[in-house]
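Comments concern the structure below.
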Amino acid sequence: MACPMGYGSSTRRPAPFEKPHIFETISEPTELRSVANDAIYLLGGQFAILCQFAHPGLAEGSFKHSNFAYRILNRLQTTARFMNAAVYGTQQEKEAIFSVIHRAHADVKGEGYYADDPELHKWTAATLFVSLITVHETFFGKVSRERQDVLYKEAAVYGTSLRMPPEMWPATLDDFWAYWNHNIETLVITDWARNLARDLLHPKNLPLWLRPNAPIARLLTVHWLPERLQREYGLSKKITPLSTSMYHFIVAYVAAVYPHMPRKLKQAPSRFYMKDMKKAVKRIEETGEWDEKSAKA
């Protein structure tokens with residue numbers, strides 16, 4: 001069915017995209033909004049993605065349908081559009097952004113995977129929640145049980161926005177950690193996942209301004225991964241006394257300095273990606289696509 005959106009000088013016209021079904025989420029992401037706009041949580045991106053690739057379906061689909069090594073920044077942009085729409089977006093913005101994502105997912109399928117599998121969406125949402133907790137506890141200390149409970153319920157929005165029925169989200173925080181630990185202990189790390197991990201940790205064609213940050217992000221990510229994933233990804237050998245000392249130095253430095261940085265600076269990436277998301281929404285409403293290249297194709 002067509003969505004009656006779009007803008008005209010005097011009359012409304014149907015938007016050139018199909019209005020997607022969006023599940024109601026479990027809890028409005030109020031607390032998530034207070035942290036998701038802080039740049040420091042971007043440091044958890046590689047951790048979340050490597051945990052996602054631990055799922056064979058996500059790894060195979062990504063390997064076969066994405067030129068991952070050469071589009072790290074593009075992936076960051078599209079992920080930011082999704083997360084900003086899920087956490088901050090109006091209903092109109094969600095419908096536009098999710099219409100593109102859902103349409104793209106419909107074509108990503110094979111014998112052992114399907115991008116619209118709600119279990120994959122559940123696992124993706126789980127990795128985003130754990131990434132947030134990991135970064136916070138690394139630099140700012142333990143997240144209380146009460147706050148974890150709030151954030152875990154709100155993080156369901158990442159899954160429901162992708163087409164995970166809300167009843168699939170673990171009922172309690174204890175159930176969530178049991179689900180997480182079970183997957184970390186049992187998911188089979190495939191060669192597809194290992195190839196993607198190499199591309200993620202050693203991306204090609206990075207802009208010059210990002211290259212100095214790559215070793216730091218890699219160091220943090222390797223130390224954050226659960227021990228089994230370190231081993232299965234072939235990263236255990238990178239955990240040396242020297243790398244561990246460097247890790248603790250970086251953590252201590254960031255923990256001491258970052259809280260004193262101006263909030264405007266810490267939120268600068270979020271403002272940039274929010275503007276990008278809103279521009280993408282406008283293009284979708286005009287063309288059905290969220291980038292100019294696709295719209296012209």
Side-chain angles (χ1 to χ4, degrees), residues 41-83 86 101 104-105 107-135 155 158-159 161-164 168 176-177 179-206 214-239:
Y41 294 103
L42 293 174
L43 291 173
Q46 289 184 335
F47 166 86
I49 295 170
L50 287 182
C51 291
Q52 289 166 28
F53 289 159
H55 196 296
L58 281 166
E60 185 176 358
S62 296
F63 184 84
K64 292 183 176 180
H65 295 268
S66 172
N67 188 8
F68 192 83
Y70 293 92
R71 57 183 294 271
I72 299 295
L73 287 182
N74 177 257
R75 186 182 179 96
L76 175 60
Q77 181 186 47
T78 57
T79 301
R81 287 174 179 173
F82 158 69
M83 295 179 70
I101 294 172
H105 281 178
D107 295 328
V108 180
K109 53 188 172 182
E111 185 176 340
Y113 63 94
Y114 181 35
D116 263 340
D117 180 352
E119 176 57 37
L120 302 188
H121 304 159
K122 177 183 176 181
W123 181 240
T124 296
T127 68
L128 295 173
F129 166 66
V130 175
S131 169
L132 187 153
I133 297 298
T134 299
V135 173
Y158 295 130
S161 296
L162 287 171
R163 288 184 175 172
M164 177 199 79
M168 285 187 67
F176 173 86
W177 287 118
Y179 163 75
W180 174 265
N181 291 331
H182 174 77
N183 273 9
I184 291 297
E185 292 167 5
T186 60
L187 286 174
V188 177
I189 311 301
T190 63
D191 287 338
W192 291 308
R194 294 185 185 95
N195 287 330
L196 288 165
R198 285 193 292 271
D199 291 341
L200 177 68
L201 295 175
H202 302 276
K204 300 176 175 64
N205 298 335
L206 268 186
I216 297 174
R218 189 161 52 242
L219 180 71
L220 293 171
T221 299
V222 169
H223 280 79
W224 283 336
L225 283 175
E227 184 177 345
R228 177 174 176 266
L229 296 195
Q230 290 174 352
R231 185 172 64 253
E232 293 291 331
Y233 277 123
L235 298 172
S236 297
K237 59 187 177 182
K238 295 186 180 294
I239 307 294

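For the numbers below, each heavy atom of this structure counts, side chains included, while hydrogens, waters and symmetry mates do not.
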Do the side chains of Gln46 and Trp224 get nearer than 4.5 Å, heavy atoms only? no
I'd like to know if the side chain of Glu232 reaches the main chain of Ile189, judged simply by a donor and an acceptor atom lying under 3.5 Å from each other, with no hydrogens or angles considered. no
For the pair Phe82 and Leu162, evaluate side chain to side chain contact (heavy atoms under 4.5 Å, CB included) and give the outcome as yes or no after the intermediate values. CA-CA 9 Å; Phe82 158 69; Leu162 287 171; 3.8 Å; yes
Quick check on the 6.0 Å ring-centre criterion: do Phe129 and Phe176 meet it? yes
Can you check side chain to side chain contact (heavy atoms under 4.5 Å, CB included) on Leu201 and Leu235, steps first, answer last? CA-CA 11 Å; Leu201 295 175; Leu235 298 172; 3.9 Å; yes
Find the distance between CD1 (Ile49) and CG (Leu76) and round it off to the nearest 0.5 Å. 8.0 Å
Quick one: are Val130 and Cys51 in side-chain contact, heavy atoms under 4.5 Å? no
Here the gap from Ser62 atom OG to Asn195 atom CG, rounded to the nearest 0.5 Å, amounts to 12.5 Å
Salt bridge (charged side-chain N to carboxylate O under 4.0 Å, His left out) contacts touching residues 218-231 (sequence neighbours left out): none
If we ignore hydrogens and angles and just use 3.5 Å, is the side chain of His121 paired with the main-chain N or O of Gly159 as donor and acceptor? no
With the side chain counted from C-beta on, respond yes when Arg75 and Thr79 share a heavy-atom pair under 4.5 Å apart, and no when they do not. yes
Between the CG atom in Leu43 and the OG1 atom in Thr221, the distance rounded to the nearest 0.5 Å is 8.0 Å
Distance under 6.0 Å and angle within 45° of ring axis: Lys122 vs Tyr158: no
Is there side-chain contact between His55 and Glu119, with at least one heavy-atom pair below 4.5 Å? yes
Could you measure the distance from the OG1 atom of Thr190 to the CD atom of Glu60? Nearest 0.5 Å is fine. 7.5 Å
Taking the inter-plane angle between the rings of Tyr179 and Trp123 on a 0 to 90° scale, is it parallel (under 30°), tilted (30 to 60°) or perpendicular (over 60°)? perpendicular
Can a donor-acceptor pair be found, under 3.5 Å and without considering hydrogens, that links the side chain of Ser131 to the backbone of Ala48? no
Does the pair Gln52 and Thr127 meet the rule for a side chain to side chain donor-acceptor pair (under 3.5 Å), with working shown? CA-CA 7 Å; Gln52 289 166 28; Thr127 68; 3.0 Å; yes
Taking Tyr233 for the side chain and Leu50 for the main chain, is one N or O donor matched with an acceptor at less than 3.5 Å? yes
Is the closest side-chain heavy-atom distance between Leu128 and Met83 below 4.5 Å? yes
Distance check, rounded to the nearest 0.5 Å: Thr134 atom OG1 versus Leu220 atom CG? 11.5 Å
Minimum heavy-atom separation for Ala59 and Leu196, please, with both atom names. O-CD1, 3.3 Å
Measure the shortest side-chain to side-chain distance between Arg163 and Pro118 over non-hydrogen atoms and say whether it is less than 4.5 angstrom. no
Is the closest side-chain heavy-atom distance between Val135 and Phe47 below 4.5 Å? no
Counting neighbours of NZ on Lys238 that are heavy atoms of other residues, nucleotides or ligands and sit closer than 6.0 Å, is the number greater than 12? no
Can you tell me how far apart NE2 (His182) and CG (Leu187) are? Round to the nearest 0.5 Å. 7.5 Å
